[in-house]
Amino acid sequence: MKIDSIEVAKSSIKMAISSRDSEKELESRFKDKGIITAAVDIGGNLNNSIPKIVERALVASKRCGVIKDCHLHDGAVAGATREAIMQVSTKANGLNVGGKIGIARGKEHLSVCIFLSIGLLHLNEVVVGIGHRSIPEMA
């Protein structure tokens, strides 16, 4: 199977919108295709939570083997995460959010997807942001 940026992005989106129950099954399916994935829950006031969101994405990426523990990989995850945050921030600025980060890596492609529900009284808005970076393939 050809692994390109589109396949990796689709994988990160599927991880971000999956339930906790189906996460392990998806992770296994993607691994069979050569794509390593991770996911982590996030929540709180978006403006105050940005550093915590980036940190959680980094920790999950390392814990699940998506990246190595080196500054090049850390920067790629942090950059892609911040890019995704910027895409969702216009709708969620100053509001409480809850959702999930999905992270995927296949060959040199790294994708981070943020899927959020934004609490507005009883009307929940939904927003998705995605970031991509290229990093050298792991040996």
Side-chain angles (χ1 to χ4, degrees):
M1 179 192 153
K2 181 182 173 194
I3 298 174
D4 58 12
S5 59
I6 293 172
E7 285 304 314
V8 175
K10 286 179 185 178
S11 302
S12 70
I13 293 167
K14 287 177 184 172
M15 290 299 289
I17 64 174
S18 70
S19 67
R20 276 281 169 210
D21 297 334
S22 62
E23 211 173 273
K24 290 297 177 193
E25 179 189 327
L26 281 172
E27 196 174 301
S28 176
R29 226 181 326 150
F30 291 135
K31 193 171 189 175
D32 291 342
K33 295 178 180 181
I35 298 172
I36 304 166
T37 58
V40 63
D41 292 325
I42 55 173
N45 179 286
L46 184 67
N47 294 345
N48 300 335
S49 300
I50 289 174
K52 196 63 153 172
I53 292 169
V54 174
E55 180 184 325
R56 291 189 72 130
L58 279 167
V59 169
S61 296
K62 290 176 186 177
R63 186 188 66 228
C64 295
V66 175
I67 61 167
K68 291 181 183 177
D69 189 11
C70 69
H71 73 282
L72 179 69
H73 290 198
D74 289 353
V77 170
T81 303
R82 286 193 54 84
E83 184 178 325
I85 290 168
M86 292 305 115
Q87 291 174 18
V88 301
S89 66
T90 55
K91 280 194 175 184
N93 194 14
L95 300 171
N96 284 326
V97 299
K100 202 163 152 188
I101 302 172
I103 306 157
R105 176 163 184 202
K107 296 189 178 182
E108 74 274 12
H109 302 288
L110 173 77
S111 180
V112 176
C113 177
I114 297 180
F115 178 75
L116 296 175
S117 174
I118 305 165
L120 295 167
L121 300 171
H122 64 284
L123 305 168
N124 282 338
E125 183 70 59
V126 177
V127 65
V128 176
I130 192 161
H132 175 269
R133 292 292 185 273
S134 291
I135 53 179
E137 290 186 52
M138 290 195 281

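Counting begins at 1 with the first residue of the sequence. From a predicted model like this one, the values you see are computed outputs, not experimental measurements.
- Under the rule for a side-chain hydrogen bond (donor to acceptor under 3.5 Å, both in side chains), the partners of Lys62 that lie at least two apart in sequence or sit in another chain are Asp69, Asp74.
- Note on residues 108-117: no pairs pass salt bridge (charged side-chain N to carboxylate O under 4.0 Å, His left out), not counting sequence neighbours.
- Across all their heavy atoms, Gly131 and Ala84 have their closest contact at N-CB, 4.0 Å.
- Closest heavy-atom contact between Val8 and Ala104: CG1-O, 3.4 Å.
- Residue pairs meeting the ring-ring contact (aromatic ring centres under 6.0 Å, His included) criterion with at least one member in residues 94-120, sequence neighbours excluded, are His109-His132.
- Under the side-chain contact (heavy atoms from CB on, under 4.5 Å) criterion, Lys31 pairs with no residue at all, not counting sequence neighbours.
- Between the side chain of Ser28 and the main chain of Glu25, no donor-acceptor pair closer than 3.5 Å is present.
- Judged as a salt bridge (Lys or Arg N to Asp or Glu O under 4.0 Å), and not counting sequence neighbours, the contacts of Arg133 are Glu83.
- The shortest distance between side-chain heavy atoms of Leu46 and Ile118 does not fall below 4.5 Å.
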Only distances under 3.5 Å count here; give the side-chain donor-acceptor pairs of residues 35-45 to other protein atoms, sequence neighbours excluded, each with its distance to 0.1 Å.
| unit_1 | atom_1 | unit_2 | atom_2 | d |
| --- | --- | --- | --- | --- |
| Asp41 | OD2 | Arg20 | NE | 3.2 |
| Asp41 | OD2 | Arg20 | NH2 | 3.3 |
| Asn45 | OD1 | Asn47 | N | 3.0 |
| Asn45 | OD1 | Asn48 | N | 3.2 |
| Asn45 | ND2 | Gly94 | O | 3.1 |

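- A heavy-atom distance below 4.5 Å is not found between the side chains of Ile50 and Ser89.
- Between the side chain of Ser61 and the backbone N or O of Ala57 there is at least one donor-acceptor pair closer than 3.5 Å.
- Side-chain contact between Met15 and Ile103 is absent, with no heavy-atom pair separated by less than 4.5 Å.
- Proximity of Ile3 to Lys33: side-chain heavy atoms (C-beta onward) are nowhere separated by under 4.5 Å.
- Listed by first and then second residue, the salt bridge (charged side-chain N to carboxylate O under 4.0 Å, His left out) pairs that reach into residues 89-100 are Glu23-Lys100, Lys91-Glu125, sequence neighbours excluded.
- Rounding to the nearest 0.5 Å gives a distance of 6.5 Å between CG of Leu72 and CD1 of Ile135.
- The local environment of CG in Leu95 is crowded, with over 12 non-hydrogen atoms from other residues, nucleotides or ligands closer than 6.0 Å.
- Minimum interatomic distance between Ala78 and Leu58 (heavy atoms only, all atoms of both residues): N-CD2, 4.5 Å.
- A 4.5 Å side-chain heavy-atom check between Arg105 and His73 finds at least one atom pair inside the cut-off.
- Placement of Val112 and Val127 within a single hydrophobic cluster is found when ILVMFWY residues are connected by side-chain heavy-atom separations under 4.5 Å, directly or transitively.
- Note: the hydrophobic cluster containing Ile130 does not contain Met86 (ILVMFWY, side chain heavy atoms under 4.5 Å, direct or indirect links).
- Under the 4.5 Å side-chain heavy-atom criterion for grouping Ile, Leu, Val, Met, Phe, Trp and Tyr, Leu116 is not connected to Val126 through any hydrophobic cluster.
- With sequence neighbours excluded, the residues forming a side-chain contact (heavy atoms from CB on, under 4.5 Å) with Ser19 are Asp21, Ser22, listed by chain and number.
- Rounded to the nearest 0.5 Å, atoms CD1 (Ile17) and OG (Ser12) are 10.0 Å apart.
- Cys113 and Val128 get closest at one heavy-atom pair: SG-CG1, 3.7 Å.
- Taking the salt bridge (Lys or Arg N to Asp or Glu O under 4.0 Å) definition, one finds that Arg56 meets it with nothing, sequence neighbours left out.
- Listed by chain and residue number, nothing satisfies the side-chain hydrogen bond (donor to acceptor under 3.5 Å, both in side chains) test with Thr81 (two or more places apart in sequence, or in another chain).
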